[in-house]
Chemist: 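Take a look at the following structure, please.
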Amino acid sequence: MNPYSEFTTRVRRIVIDLGREAVLPTDLPVERVVVEPPRQADHGDLATNAAMVLAGAAKMKPRDLAARVVERLEKDPDIAEVEIAGPGFINIRLAKAWWPETLKSILEAGDRVGRSELGAGMPVNVEYVSANPTGPLHVGHCRGAVFGDALANLLEHTGYRVTREYYINDAGAQIDTLAKSAYHRYLEARGEDIGDIPDGLYPGEYLIPVGKSLDQEFGESLIKMDEKDRLAIIREKAVAMMMAMIRDDLEALDIRHDVFFSEKSLADPDNDRIATAIEALREQGAVYTGKLPPPKGQLPDDWEDREQTLFRSTDFGDDVDRALLKSDGSYTYFASDIAYHLDKYQRGFANQVLVVGADHGGYVKRMTAAVNAITGGKGALDIKLCQLVRLLRDGQPVKMSKRAGDFVSLRDVVEEVGKDPVRFMMLYRKNEAPLDFDFAKVKEQSKDNPVFYVQYAHARAHSVLRNAKLTIPDLDPSSLDLSETDFSFLNDEGEIELIKLMAQYARTVEGAALAHEPHRLAFYLYELSSAFHSHWNKGKESPQLRFINPDKRALSKARLGLIHGLILVLASGLDILGVDAVREM
RNA sequence: GACCCCGUAGCUCAGAUGGAUAGAGCAGCGGACUUCUAAUCCGCAGGUCGCAGGUUCGAAUCCUGCCGGGGUCGCCA
């Protein structure tokens, strides 16, 4: 049982009871009461802020209020010791039996460890990657891809019903460019000497197969068509092939989306949902025709002062109103995005997460404003910005030039260092912080590499199980009978420390899920691994602390239970991050 | 000029939605291998949490103003 949530409930109940008995006022803000692990170990096992957060509303001194709560806590048989400390903290030391019981509940949970009903089955849509289908994914896409995927896992683990979504930008100018570029490759495939790909088109070789495929499917017929029909055909074919390539790249990172949503489908002439969305905004008075002030600082060369159709996003927290129509009358990207987010909402996603690169920072306010407006305030959109990744080779930044088509592809990185290190390192940093990705360090097989460090802890734990089988043959560690295992043997400081950390797993997962911050889990796994490596090494100087003790069967059994619990937590956490929990290295 | 992110040990970074004496890793110094995997561990040293105010029992965390670094800035996506 997770002591933090358990005792939060117990303390809150005490406060409510005291209110009912008129010892304390009623209507105290009990939801602010939390029970947490204290920062200092010598403060005990648990600490609560109850007295301090309630003192104001109760019009009592924190320490006096604490005394009332402590009177009740002392009657709790699971508590060994309670004291009031500092400004009014209540420090709790749990009964000795508690921690072994915690381990037992982890073992009982099995591979469902850390799962919770936090989300209560609520649908959440996580949109990530959504790269333009104009070429293969490059490293820049990598971080958002891994982040979004791990976040989706995290939300699933905490009881949300998650849909992983990819928005395909298959409309607009860059798709025309793609089609024109593919047409050159088509001519090339038909044997024409095309020379260099003209400026402004995509020179990448990844379009060569598209040209060949067009030739095979359509022969010479494309040449005879008028350009409009021809490009329409090529566009569709090229986008399909680019998306197949992108999905393949993502597969290399174990990333699979549930829904691929076409931008083009929104503007279907028979059912123009962008128009519908704009109309909906217009009905609530959020659309008008007017002029925007020119941006301060340097004025764009082609600035043209003119009337345009605007969304009143300033009413919803944006800095300026935003254009919905371009000068040629077609929809802006923003307009189709509004329709898209409305569509998500109508599909049942009041809860939406969008993962994008930090260069989209300017998009946050207008998009949250739009979702707010179009859903009548009922939809929530959390936009997570991922900062750039700086690739380093031998400590030197890897230079990339987009124009020369000279960028490191996502596939190259995954093939060079492997899926697990890529995923872990992308998550071993807060999403808003820039990230250095050093090829040499990431591939290193040592404790300096956190990926390796955590995987090694898991492998090491498995190595204990393997050894146990050999040392104590009649003890099958894979089928520990919990009822016959006496976990009270686990009373060494290091063992208790491990259990305490394992007990924090559930709350770490919940916290990370609520804050949409998967990196917390990565750091937690590192910490847990560290505690294990540390305890392990104690067995060198003190052989009686080793997990396997052939002369002491019951003791060994309890310690193998601890190993099992550790494996469950590490494997679960790694699984959420999408990193393989290897058993042998 | 406006907006967003960042500023914590020499370096790279955590810091749980406001808690107690601010933590890791690297680099530095000193230790532990006839091993349940030393692919690891233990110890030492290292700080004006960018600066200045404010909010309160209490601030690295919230507010305001500066300083420094990065990103973005009608119709691109």
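By convention in this document, chain letters (A, B, ...) are assigned in the order of the sequence lines, proteins followed by strands, and residues within each chain are numbered from 1. Quick note: numbers below take in every heavy atom, side chains included, and nothing from hydrogens, waters or symmetry partners.
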Chemist: Whole-Å distance between B:rC5 C1' and A:Q387 CD?
Modeler: 6 Å

Chemist: Decide whether A:D382 and A:H516 meet the rule of one side-chain donor and one side-chain acceptor closer than 3.5 Å.
Modeler: yes

Chemist: Side-chain N or O of A:K430 versus OP1/OP2 of B:rC6: is the shortest distance under 4.0 Å?
Modeler: no

Chemist: Quick check with a 6.0 Å cut-off and a 45 degree axis cone: is A:R312 positioned over the face of A:Y288's six-membered ring?
Modeler: yes

Chemist: Whole angstroms only, please: what is the OH-P distance between A:Y524 and B:rA24?
Modeler: 17 Å

Chemist: Under 5.5 Å between ring centres and under 30° between planes: does that hold for A:F452 against the base of B:rA39?
Modeler: yes

Chemist: Could you check which of B:rU40, B:rA22, B:rA16 has an atom nearest any side-chain atom of A:R39?
Modeler: B:rA22

Chemist: Roughly how many Å apart are B:rC5 and B:rU48, using the C1' atom of each and rounding to a whole number?
Modeler: 25 Å

Chemist: If you write RNA chain B from 5' to 3' in dot-bracket form, with Watson-Crick or G-U pairs under 3.5 Å, [ ] for crossing pairs and | for pairs with another strand, what do you get?
Modeler: (((((((..((((.....[...)))).(((((.......))))).....(((((..]....))))))))))))....

Chemist: Start at the 5' end of RNA chain B and walk down; is the nucleotide closest to A:I548 or to A:R32 reached first?
Modeler: A:I548

Chemist: Contact class for A:A85 (heavy atom, under 4.0 Å): base, sugar-phosphate, or nothing?
Modeler: base

Chemist: Please classify the nucleic acid contact of A:G539 as base, sugar-phosphate, or nothing, using heavy-atom distances under 4.0 Å.
Modeler: base

Chemist: In whole angstrom, give me the gap between the C1' atoms of B:rC49 and B:rA59.
Modeler: 11 Å

Chemist: Over 60° means perpendicular and under 30° means parallel, so tell me whether A:Y524 and A:Y505 are parallel, tilted or perpendicular.
Modeler: tilted

Chemist: Contact class for A:R306 (heavy atom, under 4.0 Å): base, sugar-phosphate, or nothing?
Modeler: base

Chemist: Between B:rA16, B:rA20, B:rA77, which nucleotide has the shortest distance from any of its atoms to the side chain of A:A47?
Modeler: B:rA20

Chemist: Side chains of A:T9 and A:E6: donor-acceptor distance under 3.5 Å anywhere?
Modeler: no

Chemist: Using a heavy-atom cut-off of under 4.0 Å over every strand shown, decide if A:K538 touches base, sugar-phosphate, or nothing.
Modeler: nothing

Chemist: Would you kindly check if the NZ (Lys) or CZ (Arg) of A:R507 is within the cone defined by 45 degrees around the ring axis of A:Y4 and under 6.0 Å from the six-membered ring centre?
Modeler: yes

Chemist: Is there a side-chain contact between A:Y333 and the phosphate of B:rG74, meaning an N or O under 4.0 Å from OP1 or OP2?
Modeler: no

Chemist: B:rC42 phosphate, OP1 or OP2: any side-chain N/O from A:S534 under 4.0 angstrom?
Modeler: yes

Chemist: Looking across every strand, which nucleic acid part, if any, lies under 4.0 Å from A:Q455 by heavy atom: base, sugar-phosphate, or nothing?
Modeler: nothing

Chemist: A:N431 has an atom CG; how far is it from atom P of B:rG71, in whole Å?
Modeler: 18 Å

Chemist: Measure CG/A:L521 against P/B:rA16 and give the value in whole Å, please.
Modeler: 16 Å

Chemist: For B:rA16 and A:H516 - does any side-chain N or O of the residue sit under 4.0 Å from the phosphate oxygens OP1/OP2?
Modeler: no

Chemist: Could you check how far CG of A:L292 sits from P of B:rA2, rounded to whole Å?
Modeler: 19 Å

Chemist: Side chain of A:Q174: nearest nucleotide among B:rG71, B:rA77, B:rA39?
Modeler: B:rA77

Chemist: Could you tell me whether the side chain of A:S542 and the main chain of A:Q544 form a donor-acceptor pair under 3.5 Å?
Modeler: no

Chemist: When you get a sec, tell me which of B:rA24, B:rC57, B:rC4 is the closest nucleotide to the side chain of A:Y526?
Modeler: B:rA24

Chemist: Does A:R393 count as lying over the ring of A:F439, i.e. NZ or CZ under 6.0 Å from the six-ring centre, within 45 degrees of the axis?
Modeler: yes

Chemist: Ring centres within less than 5.5 Å and planes less than 30° apart: is that true of A:F89 and B:rA20 in this structure?
Modeler: yes

Chemist: Side chains of A:S556 and A:N549 only: does a donor on one sit below 3.5 Å from an acceptor on the other?
Modeler: no

Chemist: As a test of reading the structure: which of B:rA14, B:rU72, B:rC4 is closest to the side chain of A:R429, going by heavy atoms?
Modeler: B:rA14

Chemist: In whole angstroms, how far is the C1' atom of B:rU12 from the CG atom of A:L392?
Modeler: 11 Å

Chemist: Sort and list the pairs that fulfil side chain to side chain donor-acceptor pair (under 3.5 Å) and have at least one residue in residues 60-70 of chain A, not counting sequence neighbours.
Modeler: none

Chemist: Rounded to whole angstrom, note down the P distance from B:rG18 over to B:rC63.
Modeler: 10 Å

Chemist: Below 4.0 angstrom, N of the basic side chain to O of the carboxylate: do A:D319 and A:K365 qualify?
Modeler: yes

Chemist: Round to a whole Å and report the spacing from CG of A:L525 to C1' of B:rA16.
Modeler: 15 Å

Chemist: Calculate the interatomic distance between A:E527 atom CD and B:rA14 atom P; express it in whole Å.
Modeler: 15 Å

Chemist: Looking at B:rA16, B:rC5, B:rA77, which one has an atom nearest to any side-chain atom of A:N132?
Modeler: B:rA77

Chemist: So, does A:R520 get its side chain near the phosphate of B:rA16, meaning an N or O under 4.0 Å from OP1 or OP2?
Modeler: no

Chemist: Among B:rC57, B:rG74, B:rU40, find the nucleotide with the atom closest to the side chain of A:A323.
Modeler: B:rG74

Chemist: Could you check whether A:H519 gets within reach of a base, just the sugar-phosphate, or nothing at all, counting any heavy atom under 4.0 Å?
Modeler: sugar-phosphate

Chemist: Could you give the distance separating B:rG46 and B:rA24 at their C1' atoms, to the nearest angstrom?
Modeler: 14 Å

Chemist: Enter syn or anti for the glycosidic conformation of B:rU8, syn applying to angles within 90° of 0.
Modeler: anti

Chemist: Measure distances between side-chain N and O atoms of A:N91 and base N and O atoms of B:rA20, and say whether any donor-acceptor pair falls under 3.5 Å.
Modeler: yes

